[in-house]
Engineer: 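If you scroll down you'll find the structure; I have some questions about it.
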Amino acid sequence: LICSVTILFFLIESLRVNSFSSLALTIMHHFNINAYLYAKISSAYLWGNIIFLIPFGILLDRFSSKSIICTAVLICISSNVALGLSSNYQQMLIFFFIAGVGASAGFILAAKLIKEWFPPRYLAFMVGILVSSAMVGGILAQTPVLYFIQYSSWRMLFFVLASLEILILIMSLVFIK
């Protein structure tokens with residue numbers, strides 16, 4: 001159950017990063033930007049992720065898994081709400097960067113908890129489940145996200161993601177030591 005929380009967090013973050021292609025036309029039209037500017041938004045997420053992978057790893061070696069996941073999830077919740085409320089291109093750029101920062105803890109944290117909670121003979125199996133969760137997030141980020149934003153809105157997508165992350169935060173507080 002403990003690892004399920006972090007695997008679910010990684011799935012949701014994978015959904016968000018993979019939804020860039022599904023959101024492209026809608027966001028470009030809404031903010032009246034071209035593909036070049038939209039690419040800057042999506043790369044801002046990846047920059048935030050890359051820059052903070054090692055710092056989150058260092059923090060995870062020094063602090064509890066619970067404090068790190070709660071911090072990372074709070075960053076992601078805040079950035080999703082902010083993304084849903086964004087009123088211009090610059091805000092989207094900043095909030096996607098922040099989202100990438102929070103998401104950077106996902107894989108490292110899940111891998112650490114897998115190592116701590118499962119015997120070595122299950123390590124490859126559990127890492128396979130972790131990577132599979134990212135693929136499921138990628139699948140959900142395509143056609144399902146397109147249907148969702150067609151019948152709801154891109155803003156609501158970020159609010160739903162924030163709501164799911166609130167559930168992950170609660171589960172983290174309850175189940176992770």
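As the structure is a computational prediction, the values presented were derived from the model and not from experiment. We're numbering straight along the sequence, starting at 1.
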Engineer: Would you say that I176 contacts L113 through its side chain, given a criterion of any heavy-atom pair below 4.5 Å between the two side chains?
Structural biologist: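 Yes, at least one pair of side-chain atoms sits under 4.5 Å.
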Engineer: With the side chain counted from C-beta on, respond yes when M92 and Y38 share a heavy-atom pair under 4.5 Å apart, and no when they do not.
Structural biologist: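 SC-SC contact between M92 and Y38 ruled out.
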Engineer: Between S172 and C70 (side chain of the first, backbone of the second, donor and acceptor by atom type, cut-off under 3.5 Å), is there such a pair?
Structural biologist: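 Not a single qualifying donor-acceptor pair exists.
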Engineer: Heavy-atom count around N34 CG within 6.0 Å, excluding the residue itself: above 12?
Structural biologist: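 Yes, CG of N34 has more than 12 neighbouring heavy atoms, counting only those of other groups under 6.0 Å.
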Engineer: Under 3.5 Å, sequence neighbours excluded: what are the donor-acceptor pairs made by side chains of residues 39-54?
Structural biologist:
unit_1: S42; atom_1: OG; unit_2: A39; atom_2: O; d: 3.1
unit_1: S43; atom_1: OG; unit_2: A39; atom_2: O; d: 3.0
unit_1: S43; atom_1: OG; unit_2: K40; atom_2: O; d: 3.1
unit_1: N49; atom_1: ND2; unit_2: G100; atom_2: O; d: 3.4

Engineer: Using a 4.5 Å cut-off on heavy atoms from C-beta on, say whether the side chain of S65 contacts that of L60.
Structural biologist: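 Contact flag for L60/S65 side chains = yes.
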Engineer: Enter the distance from I94:CD1 to L83:CG here, rounded to the nearest 0.5 Å.
Structural biologist: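 The CG atom of L83 is 11.0 Å from CD1 of I94, to the nearest 0.5 Å.
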Engineer: Between A72 and A105, what is the shortest heavy-atom contact and its length?
Structural biologist: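 Smallest interatomic distance, heavy atoms only, reads CB-CB, 3.6 Å.
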Engineer: Nearest 0.5 angstrom please: L15 CG to L140 CG, how far?
Structural biologist: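 Nearest 0.5 Å value for the CG-CG distance: 5.5 Å.
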Engineer: Before you tell me yes or no, could you show the steps for V131 and M135 under side-chain contact (heavy atoms from CB on, under 4.5 Å), namely the whole-Å CA-CA distance, both residues' side-chain angles and the distance that decides it to 0.1 Å?
Structural biologist: CA-CA 7 Å; V131 172; M135 300 303 146; 4.1 Å; yes
Engineer: If you measure from OG1 on T26 to CZ on R155, what distance do you get to the nearest 0.5 Å?
Structural biologist: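 Between T26 OG1 and R155 CZ, I get 12.0 Å after rounding to 0.5 Å.
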Engineer: Kindly indicate whether the side chain of V145, heavy atoms from C-beta on, has any atom under 4.5 Å from the side chain of N18.
Structural biologist: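 Contact flag for V145/N18 side chains = no.
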Engineer: In the single-linkage hydrophobic clustering (I, L, V, M, F, W, Y; side-chain heavy atoms under 4.5 Å), do I27 and Y151 co-cluster?
Structural biologist: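 No; Y151 is not reachable from I27 via cluster members.
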Engineer: Where the side chain of S153 meets the backbone of M156, is there a donor-acceptor pair that is under 3.5 Å apart?
Structural biologist: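 Yes, the answer is positive, given that a donor and an acceptor are paired below the 3.5 Å cut-off.
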Engineer: Sequence neighbours left out, what pairs pass salt bridge (charged side-chain N to carboxylate O under 4.0 Å, His left out) with at least one residue falling in residues 3-20?
Structural biologist: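 Checked against salt bridge (charged side-chain N to carboxylate O under 4.0 Å, His left out) - neighbours excluded - the pairs reaching residues 3-20 are E13-R16.
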Engineer: Side-chain heavy atoms under 4.5 angstrom apart, residues restricted to Ile, Leu, Val, Met, Phe, Trp, Tyr: same cluster for V136 and F9?
Structural biologist: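 V136 and F9: one cluster.
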Engineer: About how many Å separate CZ of F95 and CG of L85, when rounded to the nearest 0.5 Å?
Structural biologist: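 It comes to 8.5 Å.
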Engineer: Can you name the residues that form a ring-ring contact (aromatic ring centres under 6.0 Å, His included) with F158, not counting sequence neighbours?
Structural biologist: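 Applying ring-ring contact (aromatic ring centres under 6.0 Å, His included) to F158 gives F96.
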Engineer: Between T6 and L130, is any pair of side-chain heavy atoms under 4.5 Å apart?
Structural biologist: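 Answer no - side chains too far apart.
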Engineer: For the backbone of S67 and the side chain of T71, can you confirm whether one donor and one acceptor N or O come within less than 3.5 Å of each other?
Structural biologist: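 Here the side-chain-to-backbone pair exists.
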Engineer: Which pairs of donor and acceptor atoms, one on a side chain in residues 117-125, lie under 3.5 Å apart (sequence neighbours left out)?
Structural biologist:
none

Engineer: Are there over 12 heavy-atom neighbours, none belonging to L25, within less than 6.0 Å of that residue's CG?
Structural biologist: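 Open: at most 12 neighbouring heavy atoms sit under 6.0 Å from CG of L25.
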Engineer: Given the rule in the side-chain contact (heavy atoms from CB on, under 4.5 Å) test, do L37 and Y89 qualify, once you have shown the distances and angles that lead to the verdict?
Structural biologist: CA-CA 8 Å; L37 292 176; Y89 162 77; 3.5 Å; yes
Engineer: Answer whether the closest heavy-atom distance between the side chains of I98 and S78 falls below 4.5 Å.
Structural biologist: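 The answer is no; the side chains never approach within 4.5 Å.
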Engineer: Between F20 and W154, is a ring-ring contact (aromatic ring centres under 6.0 Å, His included) present by the stated rule, with each step listed?
Structural biologist: CA-CA 11 Å; F20 290 147; W154 64 269; over 10 Å; no
Engineer: Consider only side-chain heavy atoms of I, L, V, M, F, W and Y, link residues closer than 4.5 Å, and tell whether L11 and I139 are in one cluster.
Structural biologist: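 Not linked; separate clusters.
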Engineer: Using modelled atom types and a 3.5 Å cut-off, is there a donor and acceptor pairing between side-chain atoms of S79 and backbone atoms of C76?
Structural biologist: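 At least one qualifying donor-acceptor pair exists.
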Engineer: Got I129 and M126 here, is their nearest side-chain heavy-atom distance under 4.5 Å?
Structural biologist: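 Yes, close enough: below the 4.5 Å cut-off.
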Engineer: Would you compute the distance between atom CG of N88 and atom CG of N32 and round it to the nearest 0.5 angstrom?
Structural biologist: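 One gets 12.5 Å once the value is rounded to the nearest 0.5 Å.
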Engineer: On a heavy-atom basis, which atom in F159 and which in V81 lie closest, and how many Å separate them?
Structural biologist: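 The answer is CE2-O, 3.7 Å.
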Engineer: Among pairs that include at least one residue of residues 95-120, which meet salt bridge (charged side-chain N to carboxylate O under 4.0 Å, His left out), considering only residues two or more places apart or in two chains?
Structural biologist: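 For residues 95-120: K112-E116.
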Engineer: State the CG-OG distance between L93 and S86, to the nearest 0.5 angstrom.
Structural biologist: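 The OG atom of S86 is 10.0 Å from CG of L93, to the nearest 0.5 Å.
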Engineer: Among all residues two or more places apart in sequence or in another chain, which pass the ring-ring contact (aromatic ring centres under 6.0 Å, His included) test with F107?
Structural biologist: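 Expected list: F10.
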Engineer: Taking K66 for the side chain and L173 for the main chain, is one N or O donor matched with an acceptor at less than 3.5 Å?
Structural biologist: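 Side chain of K66 to backbone of L173, a donor-acceptor pair under 3.5 Å: yes, one is there.
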Engineer: With a 4.5 Å cut-off on side-chain heavy atoms, are F148 and V160 touching?
Structural biologist: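 SC-SC contact between V160 and F148 confirmed.
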